[in-house]
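For reference, the structure is listed below as structure tokens.
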Amino acid sequence: MLEGFIRTLNDLIESANARVRDPDEFLAINEQIKTLIETDLPSLAEAVSAGELGADERARLELSLTSLGDLEAKGRARLVWAGDFEDYMREALSSDDK
């Protein structure tokens with residue numbers, strides 16, 4: 001189960017990173033990531049808590065979850081950039097009216 005989860009999560013993260021500039025595709029992939037995490041992560045967390053995963057497996061899982069955090073940071077940065085650009089355009093257009 002861990003192998004499939006990590007492989008699928010990494011593939012989705014890679015796809016989302018490649019589509020960070022396409023909001024519709026980016027959001028669709030993020031929905032897939034959300035579904036994967038909601039369905040599979042709880043049982044993996046139980047396995048970690050029960051000591052069923054070895055150090056190598058835990059490290060690989062942590063690396064994938066860190067990549068997920070990096071993806072979230074990119075998404076947030078893109079939103080901030082878009083908001084700043086919108087503010088800039090609004091200001092530039094309003095100063096042209098004067």
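We count residues from 1, following the sequence as given. Note that this is a predicted model, so its numbers are computed, not measured.
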Distance-only donor-acceptor pairs under 3.5 Å for side chains of residues 49-58, two or more places apart:
residue : atom : partner : partner atom : Å
S49     : OG   : A45     : O            : 3.1
E57     : OE1  : G54     : N            : 2.7
R58     : NH1  : L53     : O            : 2.8

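- Counting only heavy atoms from C-beta outward, the side chains of L63 and N10 never approach each other to under 4.5 Å.
- Listed by chain and number, the residues in a side chain to side chain contact (heavy atoms under 4.5 Å, CB included) with S15 are R19, I29 (sequence neighbours excluded).
- Remark: E3 engages R60 in a salt bridge (charged side-chain N to carboxylate O under 4.0 Å, His left out) (not counting sequence neighbours).
- Every residue meeting the side chain to side chain contact (heavy atoms under 4.5 Å, CB included) condition with D11, not counting sequence neighbours, appears here in chain and number order: R7.
- No side-chain heavy atom of D22 sits under 4.5 Å from any side-chain heavy atom of F26.
- Here E72 pairs with R76 under the salt bridge (charged side-chain N to carboxylate O under 4.0 Å, His left out) rule; sequence neighbours left out.
- With sequence neighbours left out, the side-chain hydrogen bond (donor to acceptor under 3.5 Å, both in side chains) criterion links D70 to no other residue.
- Pairs engaging residues 27-42 under the side-chain hydrogen bond (donor to acceptor under 3.5 Å, both in side chains) rule: none recorded [sequence neighbours left out].
- We find the CD1-CG distance between I13 and N17 to be 7.5 Å, quoted to the nearest 0.5 Å.
- Among residues two or more places apart in sequence or in another chain, the salt bridge (charged side-chain N to carboxylate O under 4.0 Å, His left out) test is passed with E14 by none.
- One finds the CZ atom of F5 at 4.5 Å from the CG atom of L41 (value rounded to the nearest 0.5 Å).
- Atom CD1 in I33 sits 5.5 Å away from atom CG in L71 (nearest 0.5 Å).
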